[in-house]
Amino acid sequence: MSYNFREIEAKWQRYWAEKSTFKAIDGSEKEKYYVLDMFPYPSGAGLHVGHPLGYIASDIYARYKRHKGFNVLHPMGYDSFGLPAEQYAIQTGQHPSVTTETNIARYREQLDKLGFSFDWNREVRTSDPKYYKWTQWIFIQLFNSWYDKSKDKAEEIEQLIEIFKKEGNVNIKAACDEDTPVFTAAEWNKLNEKKQEELLLKYRLTYLADTVVNWCPALGTVLANDEIVNGVSERGGHPVVRKKMTQWSMRITAYAQRLIDDLQKVDWPQSLKDAQANWIGRSVGASVTFNTMPSVDNQSSYPIEVFTTRPDTIFGVSFMTLAPEHELVSKITTQEQKEEVESYVQITSKRSERDRLADVKSITGAFTGAYAEHPFTGESIPIWIGDYVLAGYGTGAVMSVPAGDQRDYDFAKHFNIPVPNIFEGIDISEEAFANKELTVITNSGFLNGLDFKEATKKVISELEKIGSGQGKVNYRLRDAVFSRQRYWGEPFPVYYVDGIPKMISEENLPLTLPEVEKYLPTDTGEPPLGNASVWSWDIKQCKVVDNNLIDNKTVFPLELNTMPGWAGSSQYFNRYMDPENNKEIFSQEAINYWQQVNLYIGGVEHATGHLLYSRFWQKFMFDKGLVPYEEYARKLINQGMILGTSAFVYREEGTNKLISKGLINGLKVTPLHADVSLVSSSDELDIAAFQKWRPEFKDAEFVLENGKYIVGREVEKMSKSKYNVVNPDEICEEFGADALRMYEMFLGPLEQAKPWNTAGISGVYAFLKKLWRLYHSGSEGSFHVSEELPAKEALKTLHKTIKKVEEDIEQFSFNTSVATFMICVNELSAQKCSNKSILEPLAILVSPYAPHIAEELWEKLGHKESISTEPFPKFEADYLIENSKEYPISFNGKMRFTIELPLDMGKEEIESAVLAHEKTKAQLQGRTPKKVIVVPGKIVNIVG
RNA sequence: GCUCGAGUGGUGGAAUUGGUAGACACGUUGGACUUAAAAUCCAAUGGCCAUUAUGGCCGUGCGGGUUCAAGUCCCGCCUCGAGUACCA
């Protein structure tokens with residue numbers, strides 16, 4: 001009987017599905033363990049071999065944990081809202097839900113072939129109304145909350161209203177809009193409802209605001225910062241422009257500090273934590289207000305607020321710079337400078353973001369003609385505008401200290417502005433001195449002689465005294481724009497009364513996505529939902545619930561934007577705990593049992609997107625008392641990308657000749673991608689198949705070497721457009737899912753990017769066949785195990801393997817455990833081992849990696865139940881005959897000797913041997929011997 | 001520029017965290033079985049030198065250092081990759 005993986009794999013996949021083998025039990029007596037994968041967006045291209053890498057790793061770990069006696073939750077679902085299905089709809093008219101359904105079916109089929117132990121009963125889809133009901137629900141909770149900075153916690157908006165009624169907002173410390181006015185209780189109570197609502201919007205955790213957004217005309221939508229790469233859209237590479245729009249935003253900045261601090265609570269890769277901390281970009285400094293000086297043109301004085309990390313250098317200010325977009329620019333510019341300033345503002349606004357980024361070197365700016373008063377010296381400081389100051393960071397204005405900042409220095413030199421030196425003993429004739437640790441301040445009034453720390457402290461207290469500033473922490477992180485002008489996303493549960501947003505009542509959720517005629521913006525430029533005709537009907541239904549606000553006659557407009565891609569993915573991990581619940585987002589029993597994700601595996605590309613937003617939502621839910629942990633994923637691993645090995649043919653320029661790689665020798669050639677499936681493992685191109693694939697080369701001349709056309713190779717990202725995609729289905733067909741699973745693990749460390757090479761799979765395939773043969777040592781390869789007691793040697797091999805495999809899995813070194821299995825099977829084969837007491841535990845060991853073959857062997861060993869919850873074999877050190885170890889000791893590279901001794905003994909032996917050696921050596925060198933100290937198991941230390 | 005990370009055979013990668021570098025696998029070469037191929041099995045495989053078996057020297061990006069002992073630790077470079085970018 002040979003290893004027929006096709007039959008075996010189909011059989012066990014059917015068995016698992018029928019018996020619901022991997023169903024996670026809510027509230028089981030067993031200890032819980034939650035293993036989560038980042039759920040995929042079901043794209044039309046299907047899976048390539050790179051996609052399942054993380055899923056295989058998590059599956060191995062989940063299966064291992066089941067063997068270790070845990071009640072494992074290992075769910076899967078789909079992030080099924082998204083742009084590609086919508087774009088396909090625009091092109092073809094096919095409803096995105098149909099496209100999505102088809103793609104999901106294909107994904108499911110591909111996933112099933114790989115033998116994952118997912119609990120499919122818990123599947124979620126973000127585009128399913130039963131699911132997005134709860135995405136909308138969270139949105140409402142955010143809308144009804146504000147952030148109390150004094151408690152560092154989200155609170156009910158009702159509570160805020162009560163405070164406003166009693167004492168206004170003077171005592172409130174909240175995360176709110178910058179432009180929130182101060183008001184008293186009396187003033188609040190006098191306001192009409194609309195005005196009150198407008199003020200409340202400045203406090204709500206999700207709010208409507210005019211924001212400058214990244215507008216992508218080609219995609220017809222707004223993009224978040226993390227959806228833009230190098231100034232163009234991540235998807236499609238279209239240009240992006242800045243545009244002002246009214247949008248929903250999420251007040252994630254309220255949580256900036258907690259998002260940084262709590263990184264300490266999680267076991268995540270340091271690089272990912274760094275990326276998040278950088279993205280949030282905390283900087284400590286002060287906010288300082290400079291007042292403009294009244295002039296002939298301008299009698300009034302305006303305050304200009306700046307943020308600086310170097311308040312200690314305030315006496316070195318020789319000018320101020322505003323971003324060209326700063327709102328004060330038009331107000332303070334003098335008649336004389338008007339023309340120059342306006343033309344400069346014109347030029348900079350025309351420059352695209354991309355140009356601005358590309359051109360960092362050239363220094364541009366214009367003088368406004370206005371001056372500000374220095375808060376301490378009273379000197380007049382010229383106010384400039386320059387595009388090196390960004391409107392979007394801090395206050396869009398800086399106090400320029402050329403002595404301490406290189407950009408200010410360059411600007412000053414370029415425009416002949418003085419550069420006062422405020423650093424003792426530092427030469428600033430060539431460049432600015434930005435190292436704050438290494439100097440003391442001088443020429444700075446009351447700050448003279450102080451270092452950075454002391455001066456900063458002192459200046460802040462002085463600023464506070466004169467009311468011109470205070471210490472401040474600034475974050476790079478912006479509030480997250482939450483509106484998208486798309487069809488295929490969650491509708492907002494929002495309607496408008498007199499321009500004021502209202503939430504649809506919770507019992508009326510979900511507000512389902514309506515049908516539309518076309519998926520493009522309306523003729524009047526409204527988002528695609530504006531095309532829906534059935535929404536007014538929906539609204540009338542709402543009256544049943546919201547009868548105070550909606551009657552049969554009045555139709556209130558609904559929000560026409562939809563939510564962004566990250567909305568649905570910010571809560572799915574908790575929803576898996578209780579996915580069918582239609583009354584609550586999840587029951588308290590479910591969340592209290594499953595608590596949080598123990599292991600989360602996914603790609604690092606979500607570092608500043610999904611992984612940040614979902615932490616924010618979790619913290620909010622924690623504040624609301626809905627979840628027991630402030631962080632939802634205790635441990636996270638980023639699996640590395642599997643890269644493709646692209647193949648190239650080389651066309652000689654200006655000809656239709658394709659030159660074999662070895663014959664290029666300086667010829668001018670254009671490399672062209674060739675589909676990797678047309679190339680043999682020895683890099684030979686199948687010319688006939690290639691011509692069929694690319695009819696334009698039907699008449700091309702192929703210049704061969706040794707009768708072959710040899711392609712060039714290059715490692716690139718695996719992608720359809722590079723024709724280097726390897727399909728897992730084909731691998732499964734040829735070698736089986738078990739071989740694919742083991743090979744993906746064998747390729748290299750989980751977290752590292754590594755190139756795919758199909759040829760290498762023969763090694764693990766041969767291993768599986770050898771493993772099979774180990775259990776089929778009977779005549780003609782029939783199944784045979786012996787009941788005899790195993791040889792010592794075999795026991796040693798087994799226990800060595802148990803130890804290593806367990807250690808490897810715990811450390812996620814799956815690649816080395818595959819090697820361990822190979823060694824194990826080779827040794828057992830050589831020993832002609834067929835003992836049941838060896839082969840039974842071996843099947844369990846292999847089972848997380850190659851579950852199908854393990855189940856089959858387990859059944860043949862006479863077991864009726866699935867192998868999946870069999871206890872993991874116990875390692876017993878006694879079986880390792882290897883209870884002594886050789887300690888090599890070499891001195892000077894010349895003398896070399898080895899001591900063999902038991903592991904836990906032999907201190908004296910080592911000591912005396914080393915001592916003897918040391919004595920000889922000391923004698924040779926004519927000195928007294930050093931003391932020799934031997935640490936058991938840790939070899940030797942010599943102390944002088 | 002800044003912040004992380006990595007450089008080991010022809011290739012992917014091991015190395016008990018300071019203790020015999022190159023496990024395991026691919027590839028290559030030779031052999032067995034076969035009419036042949038596939039499959040399978042065996043042997044060799046870092047480089048150089050020597051050879052009658054035994055051996056010798058060099059070797060983990062480069063240059064220093066610590067140590068009896070360095071791929072591993074320290075200092076200074078080089079190269080590549082990822083993230084971020086006029087962040088005040």
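Numbered from 1 within each chain, the chains take letters A, B, ... in sequence-line order. The shown structure was predicted, so the numbers you read here are calculated from the model rather than taken from an experiment.
- In this model, the phosphate group of C87(B) is not approached by any side-chain N or O of T309(A) to a distance below 4.0 Å at OP1 or OP2.
- Within the 4.0 Å cut-off from OP1 or OP2 of A88(B), at least one side-chain nitrogen or oxygen of Y393(A) is found.
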Check the interface with nucleotides 8-10 of chain B: list each N/O to N/O pair with the protein under 3.5 Å, or write none.
none

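- The residue among S271(A) and K770(A) whose nearest nucleotide of RNA chain B is located toward the 5' end is S271(A).
- When atom types are taken as modelled, the side chain of S817(A) and the backbone of K804(A) share no donor-acceptor pair closer than 3.5 angstrom.
- If you measure from atom NZ of K769(A) to atom C1' of A38(B), you get 10 Å, rounded to the nearest angstrom.
- Within 6.0 Å of CD in Q270(A) there are more than 12 heavy atoms belonging to other residues, nucleotides or ligands.
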Base-contact (B) and sugar-phosphate-only (S) positions in nucleotides 26-34 of chain B, heavy-atom cut-off under 4.0 Å, - elsewhere:
S--------

Would you list the atom pairs, donor with acceptor, under 3.5 Å between side chains in residues 741-749 of chain A and any protein atom, with sequence neighbours excluded?
unit_1  : atom_1 : unit_2  : atom_2 : d
R741(A) : NE     : Y849(A) : O      : 2.9
R741(A) : NH1    : D59(A)  : OD2    : 3.0
R741(A) : NH1    : L114(A) : O      : 3.1
R741(A) : NH1    : G115(A) : O      : 3.1
R741(A) : NH2    : D59(A)  : OD2    : 2.8
R741(A) : NH2    : P848(A) : O      : 2.8
Y743(A) : OH     : N757(A) : O      : 2.6

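- As judged by a 4.0 angstrom heavy-atom cut-off over every strand, N826(A) is placed among residues touching the sugar-phosphate backbone only.
- Comparing the same atom, P, in G30(B) and in C78(B) gives a spacing of 46 Å after rounding to whole Å.
- Spacing between G10(B) and C75(B) at atom P, rounded to whole Å, works out to 31 Å.
- Here R713(A) pairs with D683(A) under the side chain to side chain donor-acceptor pair (under 3.5 Å) rule; sequence neighbours left out.
- Remark: the separation of the C1' atoms in G9(B) and A25(B) is 14 Å, to the nearest Å.
- At least one side-chain nitrogen or oxygen of R476(A) sits closer than 4.0 Å to the OP1 or OP2 atom of A85(B).
- Between Y765(A) and F307(A), the residue anchored closer to the 5' end of RNA chain B is Y765(A), taking for each the nucleotide with the nearest heavy atom.
- Using P as the reference atom, A82(B) and U67(B) are 40 Å apart when rounded to the nearest Å.
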Would you tabulate the nitrogen or oxygen pairs shorter than 3.5 Å linking the protein to nucleotides 13-15 of chain B?
unit_1 : atom_1 : unit_2  : atom_2 : d
G13(B) : OP1    : Q752(A) : NE2    : 2.6
A14(B) : OP1    : N815(A) : ND2    : 3.0

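- With a 3.5 Å limit on both pairing distances and Watson-Crick or G-U wobble geometry required, the stems of 3 or more pairs in RNA chain B span B:1-7 with B:78-84, B:10-12 with B:24-26, B:27-32 with B:40-45, B:46-49 with B:55-58, B:61-65 with B:73-77.
- Side chain of M822(A), nearest nucleotide from U3(B), U40(B), C24(B): C24(B).
- Each of H414(A), R407(A), Q406(A) was compared with D410(A) under the side chain to side chain donor-acceptor pair (under 3.5 Å) criterion, and only Q406(A) meets it.
- Relative to the side chain of W279(A), the nucleotides C4(B), U84(B), C24(B) differ in distance, and U84(B) lies closest.
- Between the CZ atom of F5(A) and the P atom of A39(B) there is a distance of 14 Å, given to the nearest Å.
- Between R478(A) and C87(B) there is no side-chain polar atom (N or O) within less than 4.0 angstrom of OP1 or OP2.
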